[in-house]
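Data block below; observations after.
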There are 4 protein chains.
Amino acid sequence: MRVGVLTGGGDCPGLNAVIRGVVRKSAAQHGFEVIGFRDGWRGPLEGLTMPLGVEQCRGILPRGGTILGSSRTNPFAVPDGVERIVANLAAAGVDALVAIGGEDTLGVATRLAEAGVQVVGVPKTIDNDLSGTDFTFGFDTAVNIATEAIDRLHTTAESHHRVLVVEVMGRHAGWIALHAGIAGGASEVLIPEVPFDIEAVCAHVEARFRSEYAPVVVVSEGAVPADGSGMTLVTGEKDAFGHVRLGGIGDRLAGEIESRTGKEARAVVLGHVQRGGTPTAFDRWLATRFGLHAADAVAEGDFGVMVALRGTDIVRVPLAEGTGELKVVSPREFAEAQVFFG
Amino acid sequence: MRVGVLTGGGDCPGLNAVIRGVVRKSAAQHGFEVIGFRDGWRGPLEGLTMPLGVEQCRGILPRGGTILGSSRTNPFAVPDGVERIVANLAAAGVDALVAIGGEDTLGVATRLAEAGVQVVGVPKTIDNDLSGTDFTFGFDTAVNIATEAIDRLHTTAESHHRVLVVEVMGRHAGWIALHAGIAGGASEVLIPEVPFDIEAVCAHVEARFRSEYAPVVVVSEGAVPADGSGMTLVTGEKDAFGHVRLGGIGDRLAGEIESRTGKEARAVVLGHVQRGGTPTAFDRWLATRFGLHAADAVAEGDFGVMVALRGTDIVRVPLAEGTGELKVVSPREFAEAQVFFG
Amino acid sequence: MRVGVLTGGGDCPGLNAVIRGVVRKSAAQHGFEVIGFRDGWRGPLEGLTMPLGVEQCRGILPRGGTILGSSRTNPFAVPDGVERIVANLAAAGVDALVAIGGEDTLGVATRLAEAGVQVVGVPKTIDNDLSGTDFTFGFDTAVNIATEAIDRLHTTAESHHRVLVVEVMGRHAGWIALHAGIAGGASEVLIPEVPFDIEAVCAHVEARFRSEYAPVVVVSEGAVPADGSGMTLVTGEKDAFGHVRLGGIGDRLAGEIESRTGKEARAVVLGHVQRGGTPTAFDRWLATRFGLHAADAVAEGDFGVMVALRGTDIVRVPLAEGTGELKVVSPREFAEAQVFFG
Amino acid sequence: MRVGVLTGGGDCPGLNAVIRGVVRKSAAQHGFEVIGFRDGWRGPLEGLTMPLGVEQCRGILPRGGTILGSSRTNPFAVPDGVERIVANLAAAGVDALVAIGGEDTLGVATRLAEAGVQVVGVPKTIDNDLSGTDFTFGFDTAVNIATEAIDRLHTTAESHHRVLVVEVMGRHAGWIALHAGIAGGASEVLIPEVPFDIEAVCAHVEARFRSEYAPVVVVSEGAVPADGSGMTLVTGEKDAFGHVRLGGIGDRLAGEIESRTGKEARAVVLGHVQRGGTPTAFDRWLATRFGLHAADAVAEGDFGVMVALRGTDIVRVPLAEGTGELKVVSPREFAEAQVFFG
């Protein structure tokens, strides 16, 4: 039996650990040959393969990124995409596919499974917003990086009596902001699920200064002001260089706070440092287990599923379940820690 | 209402985050006054208290250790211990107690609850071996420190063609060894739950060298050789200085491997660096939530329970459930990753 | 004898270590009383003092920021500024001042020394661009943070076949970019001292891709394109929010590279995380020694000087020497490592 | 021209950065071919070579250890050792050698240079005890690891009212202990250069507890008690397993302090974690520059020298100068920070 592996979408610490888990388990217990497809769905679409044995996996466990490369290629947006994939898998003698990726990658996997391709999914998102699993790998690394940044910014805020705004990843879900905000002792956490009131934010900033502590505000890149809050956000607006701003809420929020409160405010946009580099121990452990269990699912012929974490167990859930709807922060979860933020 | 807080047993990253969580929630939502008892059960036993308000909790979230101090004092080993505690709580006007600790501390709490003291427990163990909760805070920090050490030792092992043995915490349960061994890419993981065969270990070490990779062996401090394995361990033996060795398996194992295989072997005993210092983001998040929920349990008059993590939820379980039996690594969990170690 | 201490300008990891060094040495060996002036030169200008004994310095060694607060207040820009400082020092019974700061703060110190104030300077700049000293504290911390970020971004660049641009601090001097670029294995380092040719940068980016490696470009915030290079930079231009952009070269450079080469390019602006948080061991060691030696200079009545590092020795140089001209990267120093960047 | 490179003695973070520096500079500017000799002097002695071009150096900059392997082989202890090396260099067409190592490795290089071999040395020691250079690479990494450990142990010491003893590397010189002790805020630093008085140490420990702070004692592995101090150290004594203890002063000191003061004392022996793993930015920068300048020395035909750091410059000194005598902590340097330790 020959198994193909691919990684799609944005990179995420732990991808290499999953790949190694699949390869080592396949080699040692299941007797599969494993090959790699390069650059996400572009690999099977264009027949781009690479050898992927125990040798290729040496030393990759602690390394960020993915040795297979990645892309956002969507075969359903390409004429005859599915047919080409099926043909290329056959040509490469590949019986089953392990697809490691997020909503988009697994969405393609779901439709390919419906088209008869034998596929096992491994959920991946730095944002932790995939349903069906307690956590995704990469998230813990991102939260730790954001928390360390918040730790560092506290001393600057207090030494200069300034507001520090930290923009973290999270377009649709505020998990990184919420966890890092709790862990870093933020004064305020603003997430996409709960549009914020800029006047309330500024009132809180001023209250914080009265108690002699300089505030650190954590904001998800996808957070937006509530209508009628006195701050409007024009989507798609361009910056001074003519580039459409992706995000930009951090800089903007700092500007608003400064002009409304008269307190100096500075923004730090963490950006890509949150998703590169060596994974935390938790992410390596979770990603490795995902890889081991994905190989088992293939060995058992259990296709159309993705592996998932429930408590401390790795389980399998239907692929569609992981991609059906986004896992967002619930009002209850957001309320839980408001005692620190309100 | 007045609530007392104490921390007992070995220190653990996250204790201060729990304390802060109890205090902030009590102050902001429940209107409790909180006071601290110093040095574990010695505090209520001897009436040692300290103020514990929002002010005392400033800046403690990222700090390791416990601002309350700790001890291993057992009031049941002291004449009239329970009576003195009850009297001291009354004298201090304390209506309820939040006890943060491990098997011993919570065991005392269980018996005090049976004696009528209103107590809520918060589970704490670096070793992660308390039943009733998926994880305890401090464990993730310890695993990350051990993993970083393993990362570092790989390059030394390979540069010098040596065996490196890393002794990690875990007297009765191998959780730190297992998680750090998986995350660090160890060649071998030896845990208390599964007595090891020194000859099999040495055979594996030699096989590893044949594939040109120098092995890193992770061993729990409580791991023991199997009877008849050719290596005996005299418990309670004394070292050259007349001190009874606590642990010592790491040094010993390195010696055995070196003399049996002829390969240079060196041991590193991580020791107390695993339990001090700033907690990881996961541990700060978990510990903070434990503190918030413990305050809620007090507010609801739900005593005789401890807070616990199940999946991503904080739940309450009877105190006795958390201390009834140790949570050890099951054969299934140990087998899962043997493909890397065997 | 009573000694005042103040910290001016931007915060910098190690400020608290200097303060502690002055206080501990003064208390233990010289018998001085030390008091703190708050918020840079605003402290002596407005008579804002705080107690500063051994007690206040407990636990501050590893903490970023400054317990004294800081500001950019310039007493020479205030009517009767010098007279007010002299009067306030006299009123507080302060015989000598230790001023910890950068070009601006020490420039004020120099002029106050000329006006008869007994002052010892301690050089401070994250940018390492003060003359008279081999290194300033805070610089090593900033370089390590930038290097760790570059390490992380390499894997993202390679997984996505993207250009990653990292903007680091350095308005007038490229020390952070040069050191972090060397340490992080950057493909290109652009510094204020050497205006860059955007076409050469893009040619290099393309060459790098041909060798299958995705490039990481490190750029100082103060780097500028050479005239006639095909890329113009309007100073003082405003962003979409009406704020004048300070820096912005990172985003802009990524945009230019993307539009000229057709390769995806992303920028990360490290910003304030470079200057907050716990100092590295080198910075704690250097800052502590600066503090100890500043106290000695006061004890010896050697005023109008600043402490400085030469090799491994702490020496004293005239205050004016440290602030006379900026220490920039020389052509020889920049050429040394061009073999990695060209 | 063909240049050989070897790394000898204990591994040290930065070795790979030196190797990469030599290779990149040789390839880009000097047109040399570079080959690697494996495992220190064993490589040229036994003719063990490996290709060492730009390709082999990809990705090695941040990696600890040495891709060339190392050993403590001394060709002067082998019959005809020098002749065999000369013959093997000739057979491999190697015109010049870059030898990266410490006292032993460079001592061999010195004698080979006297025998006519064209050799350039690069100083390497984690202990920083080589003369002729301000710092050696690897030292800064070791000091940072030790400092982080001390940071972590402070909270444990204070939570448990215990003495924590940290044993760090340094057989003959106390540089790591001194720098990490200053940076970590240790209560006491004991180094090989200054035999300690156990009674004075215990008196200081007790004074420290009276001021309510639990002490952290940093001790070099080579520190020894003064004669007549009341504590004797039998060199070469064996432990319970029959192995001669290398070091062991940490455990022993903790035992003595505990029995003399009645305070609980625990030792942590950092060991090999100090010398493995990724180098700090300072060490990568220094090691890279050493490699670049060693290639330049070869290109200029300047043999029998070693590269060295003086201030911020890389200079060349006669090989013998670097190995003639150990650079130890001078009384003046030790006295400088005694205000924290006494």
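Chain letters run A, B, ... following the sequence lines, proteins first and then strands; every chain starts at 1.
Contact of D/I145 with chain B is made through the side chain alone, with heavy-atom distances under 4.5 Å. Interface remark: B/N16 contributes no atoms to any contact with chain D (heavy atom separation under 4.5 Å). Interface remark: D/T278 contributes backbone and side-chain atoms alike to the contact with chain B (heavy atom separation under 4.5 Å). Looking at D/V273, both its backbone and its side chain come within 4.5 Å of chain B, counting heavy atoms on both sides. Proximity to chain B is absent for every atom of D/H154, based on heavy atoms less than 4.5 angstrom apart.
A heavy-atom distance below 4.5 Å is not found between the side chains of D/H272 and B/H160. Within the 4.5 Å cutoff, the side chain of D/E158 has no heavy atoms near those of the B/T66 side chain.
By the salt bridge (charged side-chain N to carboxylate O under 4.0 Å, His left out) test, B/D11 is found to be paired with B/R275, residues two or more places apart in sequence or in another chain being considered.
Comparing D/G65, D/C12, D/G40, D/A267 by how many heavy-atom pairs each has under 4.5 Å with chain B, the most go to D/G65. Between chain D and the options B/G10, B/S159, B/P13, B/G69, heavy-atom pairs under 4.5 Å are most frequent for B/S159.
Between the side chain of D/T155 and the backbone N or O of B/G277, at least one donor-acceptor pair lies under 3.5 Å.
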